[in-house]
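Scroll down for the structure; my scribbles are underneath it.
The analysis underlying the following values was restricted to heavy atoms, covering all of them including side chains, and did not include hydrogens, waters or symmetry mates. As the structure is a computational prediction, the values presented were derived from the model and not from experiment.
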Amino acid sequence: MINLKKSLAGAAVVMALTSGSAMANRVHTAPLKNKITVDSTSLTAFEGIYQSKENEYSYFKVTALNNTLVAKQLDGERQLVLTRKTEFGFEMKDDDGDETIPVVFSKNADGEIGQISVGGEHMFVKVKNYVPPVEIKLTADQLKAFEGKYQFEQKSDAFLQITATADGLTLKQLWDGREIQFMSLGNLTFLNKQEGFPLKFTKDDNGNVVKVLAFNRDMWDKVKE
């Protein structure tokens, strides 16, 4: 069965420090060496709030706990344990728990820990604070304009069904029946806060909804019916 985290935005790692989603290959990287530098940086130096460079709605708070770091998703339920392997290198388990993903911290221009590389390609940057997204209420007619069936541009047999609700939109994966709820952040932007999962719609020159971008990566075309 296709899992939204691995099917909509290749966020096996984006949501590995979140939740993610479409047909992306899992990153396979050799595990870090077990030796820890003797004069290593204190774990508290890694603490802070980090924002994904790929998904502006994905935030994690990193906290030192005993001899590990714990990364807690803000506004979500994911909590990841980062085990130290080198001075700036850590590892975490993937969603299945049978593989490890390298997590490497680096310093910014001021010499402070300010960035995380996950799986060698996904980046998170330390920010000063976290401002939760604000929900905006749309009318029933405005929400109804987004309803319809959407086809994935990279896989023609994958479809989504989007339906308006009293509080926003419901997205249904037609390949497995899974449903996800979204609130409105604006006239064309919606968000599932629990997964940090954004939907960004596009209208044509006539004001008709024609596309939706999922997780800032996967484009889906509205099917004409």
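Taking 4.5 Å as the limit, some side-chain heavy atom of Tyr59 sits within range of a side-chain heavy atom of Val127. With a 4.5 Å cut-off on side-chain heavy atoms, Val81 and Met92 do not count as touching. At least one side-chain heavy atom of Thr41 sits less than 4.5 Å from a side-chain heavy atom of Phe46. Inter-residue side-chain proximity for Lys200 and Phe190 is flagged as unmet; no heavy-atom pair is nearer than 4.5 Å. Side-chain atoms of Ile49 and Leu74, non-hydrogen and from C-beta on, do get closer than 4.5 Å to each other. Trp220 places none of its side-chain heavy atoms less than 4.5 Å from the side chain of Leu171.
In this structure Asp221 satisfies the side-chain hydrogen bond (donor to acceptor under 3.5 Å, both in side chains) test together with Lys211, sequence neighbours excluded. Checked against side-chain contact (heavy atoms from CB on, under 4.5 Å), Lys193 has the following partners two or more places apart in sequence or in another chain: Asp75, Pro133, Met183, Leu191. For Val223, the side-chain contact (heavy atoms from CB on, under 4.5 Å) partners are Lys149, Gln151, Phe159, Glu225, not counting sequence neighbours.
Tyr150 and Trp175 fall within the same hydrophobic cluster, where Ile, Leu, Val, Met, Phe, Trp and Tyr residues are linked whenever their side-chain heavy atoms come under 4.5 Å apart, directly or through other members. Note: the hydrophobic cluster containing Tyr57 does not contain Ile116 (ILVMFWY, side chain heavy atoms under 4.5 Å, direct or indirect links). Using a 4.5 Å cut-off between side-chain heavy atoms of Ile, Leu, Val, Met, Phe, Trp and Tyr, with links allowed through other members, Ile101 and Met123 fall into different hydrophobic clusters.
Without hydrogens or angle criteria, Thr189 side chain to Gly186 main chain gives no donor-acceptor distance under 3.5 Å. Although no hydrogens or angles enter the test, the distance criterion places a donor-acceptor pair under 3.5 Å between the side chain of Asn108 and the main chain of Asp110. Although no hydrogens or angles enter the test, the distance criterion places a donor-acceptor pair under 3.5 Å between the side chain of Asn216 and the main chain of Glu54. The backbone N or O of Gln115 lies less than 3.5 Å from no partner atom in the side chain of Lys107, so there is not a single donor-acceptor pair.
Atom-to-atom distance recorded for Leu169:CG and Lys144:NZ is 12.0 Å, nearest 0.5 angstrom.
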* Asked: Given Asp204 and Lys222, is the salt bridge (Lys or Arg N to Asp or Glu O under 4.0 Å) satisfied, shown in steps?
  -> CA-CA 11 Å; Asp204 62 17; Lys222 191 172 185 181; over 6 Å; no
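Side-chain contact, Ser40 with Glu87: no donor N or O sits under 3.5 Å from an acceptor N or O.
Test Leu80, Thr44, Leu82, Thr83 against Leu69 for side-chain contact (heavy atoms from CB on, under 4.5 Å) and you get one pass: Leu82. A side chain to side chain donor-acceptor pair (under 3.5 Å) with Asp176 is found for one member of Gln173, Arg178, Lys172 and no other, namely Gln173.
Between Phe215 and Phe197, the ring planes lie parallel to each other; the angle is under 30°, not in the 30° to 60° tilted range.
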